[in-house]
Amino acid sequence: MILIEDKTRSVDLNREIQDQLRPGEMSVRLEPVVGDKVTRLHATVPLFADKMVWAPEKAWAQEMIDEVAQVPKGRHDDRADTAAQALIYLRANHLVRLGTEADEEEAERARFRPMREAPYDV
């Protein structure tokens, strides 16, 4: 999936990308942005703290980590903002959840599981 910030030129960019893709190859979504780049990156901190974000041992990944670590004082922040947008999308669409959320969901499911045996003889 390709996520595009729903801003001024996003409709044109979306159309151009759609023209380049083969049918069914990938979907493109215009996503509204809320808050500034720093605020969006802060919203992803729980995912990093819960070790839900993995980075391969590649030079580009280290560059990305360095950029994220330097926000808001670094020279560049576009890749950090891209990562934040992707992580926020995953959270908003329940494609990734924190460990505590998974535990709460499991406890809730357990509360409503049907009993395997009758509680008394019939």
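This structure is a prediction, so every number in the text was calculated from the model and none was measured.
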For the pair R29 and D6, find out whether any cationic side-chain nitrogen is under 4.0 Å from an anionic carboxylate oxygen.
no

With a 4.0 Å cut-off on N to O distance, would you call E31 and K7 a salt bridge?
no

CD of E104 to CZ of R109, rounded to nearest 0.5 Å, is 12.0 Å

Give, for atom CG of L3 and atom OG of S10, the distance between the pair rounded to the nearest 0.5 Å.
12.0 Å

Checking T39 against D36: is there a side-chain donor and acceptor pair closer than 3.5 Å?
yes

Using the rule that Ile, Leu, Val, Met, Phe, Trp and Tyr join whenever any side-chain heavy atoms are under 4.5 Å apart, tell me whether L47 and Y89 fall into a single cluster.
yes

Is there a side-chain contact (heavy atoms from CB on, under 4.5 Å) between T44 and R40? Walk through the geometry before answering.
CA-CA 7 Å; T44 67; R40 289 193 296 271; over 6 Å; no

Residue that, paired with E67, satisfies salt bridge (charged side-chain N to carboxylate O under 4.0 Å, His left out) out of R79, R75, K73
R79

Using side-chain heavy atoms (C-beta onward) and a distance below 4.5 Å, is I88 in contact with R91?
no

Listing, residues 48-65 side-chain donor-acceptor contacts under 3.5 Å, not counting sequence neighbours, or none:
{"from": "D50", "atom 1": "OD2", "to": "G99", "atom 2": "N", "distance (Å)": "2.6"}
{"from": "Q62", "atom 1": "NE2", "to": "D66", "atom 2": "OD1", "distance (Å)": "2.8"}

Does Q18 reach the main-chain N or O of R15 with its side chain, forming a donor-acceptor pair under 3.5 Å?
no

Which ILVMFWY residues can you reach from V11 by hopping between side chains whose heavy atoms are under 4.5 Å apart?
I2, I4, L13, I17, L21, M26, V28, L30

Can L41 and K37 be said to form a side-chain contact (heavy atoms from CB on, under 4.5 Å), step by step?
CA-CA 6 Å; L41 194 57; K37 291 179 180 185; over 6 Å; no

Nearest heavy-atom neighbours spanning A80 and V71
CB-CG2, 3.7 Å

